[in-house]
Amino acid sequence: MEKGAKFYITTPIYYVNARPHIGHAYTTIVCDVLARRQRMLGADTYFLTGTDEHGQKIERSAAAAGKTPKQWTDVIAGEYRALWDRMGISYDGFIRTTDKEHEQGVQEFFRRIRDRGYIYKGSYTGQYCVFDELYVDAAPGSPCPDCGRPTETISEENYYFKLSEFQDKLLKLYEENPDFIWPETRRNEVIAFVRGGLKDLSISRTTVRWGIPVPDDPAHVLYVWFDADANYITAIGYGGGSAKAKKNFERYWPADIHMVGKEIVRFHAVFWPAFLMAAGLPLPKRVVVHGWLLFEQDKMSKSRGNIVRAETVLDVLGSDALRYFLLREVVFGQDGSFSFDALVQRYNSDLANDLGNLSSRTLSMIARYFREQIPYPSPKASRSPGDDAVQELGEQVIRNTDELFSNFQLSRALENVWSLVSAVNKYIVDNEPWQLGEQKDEASLARLATVLYTSAEALRIITALLHPVLPLASARIWMQLGLGDIAGCRLQELKWGQLKFGTKLGKIEPVFPRAEKNAVQRMQEAEQARSAGAGVNATQPAAAGAKAGEPVTLAATAKGAATPSPAGTSPASAQRATEAGVTGGAATGTGDGRITIDDFAKVELRVGEVKTAEKVKGADKLLKLQVDIGSEVRTIVAGIAEKYAPENIVGMKVVIVANLQPRKLRGIESNGMIVAASIGEKGLPVLASFLEDVPVGARLK
């Protein structure tokens, strides 16, 4: 990649008529993967997402909920932002169309197009689909051609955009720039639509009040799609007026990729470029269109009652599992199918058995046989054709991955990386390093060093290539390889042989433990509860030995309740997890110190089993614990040393808060808190426990 290159990618801004589901997460994850990869290629990357908050549908959704439109949009926008933060989405900007800067930019955009002669005043009588915010050319009572819902007859004065004047210009655009719309099937659909004839487009409403006022004529509000499309330029400074805003806009515009679902391709590949042409602004380089994520063979929607929420998967398997499944299982650009059974099967097969096993046994044998240091492979006597075959495949996989990602063949890119994962696992089985390690002769040890170095170097390449897709797991494997922060890895510099001999390994821990047998059942039950509107329906169990009325405290003292952002996120996301609790927009309490059930539901309480415990040097009250929470083993620093000796706590099942931002205590990063009661005048801790046996990783409700 050339020096100084920039990359600007956008998701569609999500309509806040309902809370986010896994279909929204799919679009956002794909954009996040592409943004992370571009950062690893050295590009100055800007990743934009946000929420679309105006229009008639929002007015009605808010009224049905007994809220004002602003109250409604604050809550739902907060849901989106909180979910993206929990998933570690590395967005640089989150725009809301209710932002003042956006309103100013949209009005400037309107003025520019109007002053160039492409807007006039008229009136409209006809059909309108409120669900799609779409004018429909059909007879009264006709269903919407896009969603099938009944249309409504409206009659009102409007401002019109001269879309008809851009028919030939758009066709020329598609012809001269065949990559403008991807994939080709969507390009052909758009061309057929435009060739069928374009009519002038109403871009204002007078019967709707929830929107951005038309400049100089506040009786009108701007049509929601004119308002929404403009977010891609207002978010990076258009209309801001300041020198900084102008510089930012000039730096990042035009967008390199607008990522959209197939149901809104017309708005992005026809209306949006026509608006920009009318304004005399550069066009985006590419509109990339993906298919739908289907559940039970139908598109997910609130009205169909077949929603799957990302939180359901995050609670049981974590964000990396969801990311990998969606990119590996769905052929990008086509419709894909989601099921909990397929998710767990893919997780156990690819992540736990293949990648997790490769990482665990390679690093464990290096630790055992070479004192936790990357061994030096003997260049002559210890080599075999199998070593060269792994190296050649590794070099080929690097080249192929770059090409496949560039062509949006995301599933094939992962399949390509997994060819190396499988080959190295077979290589280890064939060479039996555990047998070589039991031999004491020089030749066996030299061969062992070569086998383990080759395996570790292949693991390093696999980890680097997978980082955009598996940011959390790859960062952990990178650390275990002794390579530090993976954020410094640059893919354009990646090649075989860069793993330095003698590198000291980090602490080796499981990355992808196998999913429990009841994982599918747990996700199904959780989704059923969410669909039925059920929240957390049980209170926190009382700590053993605590008296009624005594406070239950957290044994560690870190604050906040957000998941840590993974290594390699954008600078803008560094403090996002802690900010989410302040700016999320959801109600935060009742005003008398009590919290709502929604607030409590944000706290993720899990059953953990203490595997190891040791005192923290120089701290009388702190223990450093390794706690198994089912999906992983966490390091947690807890202030319980005054009550519990290290040898007495090993094997105990405890309650931990699992979704806290990590915090360093005495130089140790603590990833969670243990729940305990504070007893007596000295406030000695007593751990919360259970009367019955409970599985490790179980979530408290």
Side-chain angles (χ1 to χ4, degrees), residues 351-378 382 386-387 390-391 394 420-421 423-464 466-467 470 472-486 489 496-514 567 609-614 624-628 631-636 646 650 667-669 671:
L351 298 180
N353 290 354
D354 291 347
L355 179 59
N357 191 35
L358 172 61
S359 174
S360 177
R361 62 181 176 178
T362 298
L363 299 178
S364 294
M365 284 189 285
I366 291 174
R368 178 179 179 183
Y369 297 120
F370 293 99
R371 299 181 180 180
E372 300 181 342
Q373 293 181 347
I374 299 297
Y376 178 82
S378 177
S382 68
D387 309 329
V390 171
Q391 178 176 339
L420 182 57
V421 174
V424 181
N425 274 323
K426 183 178 184 301
Y427 170 80
I428 291 174
V429 171
D430 290 345
N431 285 277
E432 299 183 320
W434 47 88
Q435 293 288 352
L436 294 170
E438 298 305 315
Q439 308 301 319
K440 303 304 180 183
D441 60 285
E442 185 176 340
S444 295
L445 291 177
R447 180 66 192 146
L448 176 63
T450 296
V451 171
L452 292 183
Y453 177 85
T454 301
S455 301
E457 174 63 344
L459 178 63
R460 182 187 69 88
I461 287 173
I462 289 164
T463 303
L466 289 178
H467 180 57
L470 303 173
L472 290 174
S474 61
R476 292 175 61 195
I477 295 173
W478 200 258
M479 290 287 290
Q480 292 180 38
L481 278 163
L483 301 177
D485 188 352
I486 197 171
C489 177
W496 187 273
Q498 294 173 322
L499 185 57
K500 295 180 179 179
F501 315 135
T503 299
K504 179 75 172 177
L505 299 184
K507 185 171 184 180
I508 302 169
E509 296 177 335
V511 178
F512 289 112
R514 284 188 62 82
E609 183 176 353
V610 180
K611 294 297 186 182
T612 66
E614 60 182 283
K624 177 185 175 182
L625 311 174
Q626 296 296 319
V627 182
D628 183 358
S631 59
E632 60 180 304
V633 176
R634 296 271 191 94
T635 298
I636 298 177
V650 173
I668 304 170
E669 185 174 82
N671 282 278

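All heavy atoms count here, side chains included; hydrogens, waters and symmetry mates do not.
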What is the minimum heavy-atom distance between [X] and [Y], and which atoms define it?
{"X": "A458", "Y": "V424", "value": "CB-CG2, 3.5 Å"}
{"X": "A613", "Y": "V650", "value": "N-CG2, 3.9 Å"}
{"X": "I461", "Y": "G394", "value": "CG2-O, 4.4 Å"}
{"X": "L505", "Y": "A367", "value": "CD1-N, 4.1 Å"}
{"X": "S474", "Y": "T463", "value": "O-CG2, 3.3 Å"}
{"X": "P433", "Y": "L448", "value": "O-CD1, 3.3 Å"}

Is there a side-chain contact between [X] and [Y] (heavy atoms, below 4.5 Å)?
{"X": "L355", "Y": "L470", "answer": "yes"}
{"X": "T612", "Y": "E614", "answer": "no"}
{"X": "T454", "Y": "N431", "answer": "no"}
{"X": "L459", "Y": "L363", "answer": "yes"}
{"X": "K440", "Y": "L445", "answer": "no"}
{"X": "D354", "Y": "F512", "answer": "no"}
{"X": "D387", "Y": "Y427", "answer": "yes"}
{"X": "S360", "Y": "V511", "answer": "no"}

Pairwise distance [atom1]([X]) to [atom2]([Y]) - rounded to 0.5 angstrom:
{"X": "T362", "Y": "L452", "atom1": "OG1", "atom2": "CG", "result": "7.0 Å"}
{"X": "Q480", "Y": "K507", "atom1": "CD", "atom2": "NZ", "result": "10.0 Å"}
{"X": "L625", "Y": "T635", "atom1": "CG", "atom2": "OG1", "result": "9.0 Å"}
{"X": "R460", "Y": "I486", "atom1": "CZ", "atom2": "CD1", "result": "10.0 Å"}
{"X": "M365", "Y": "F370", "atom1": "CE", "atom2": "CZ", "result": "10.5 Å"}
{"X": "N425", "Y": "S455", "atom1": "CG", "atom2": "OG", "result": "8.5 Å"}

Crowding at CD, E432 (>12 non-hydrogen neighbours, <6.0 Å): yes
Under 3.5 Å side-chain donor-acceptor pair for Q373 and T503: no
With sequence neighbours excluded, residues passing salt bridge (charged side-chain N to carboxylate O under 4.0 Å, His left out) with E438: R368
Salt bridge (charged side-chain N to carboxylate O under 4.0 Å, His left out) partners for E372, two or more places apart: K504
Quick check against the 3.5 Å criterion: does [X] have a side-chain atom that pairs as donor or acceptor with the backbone of [Y]?
{"X": "R476", "Y": "E509", "value": "no"}
{"X": "R514", "Y": "A352", "value": "no"}
{"X": "Y453", "Y": "F501", "value": "no"}

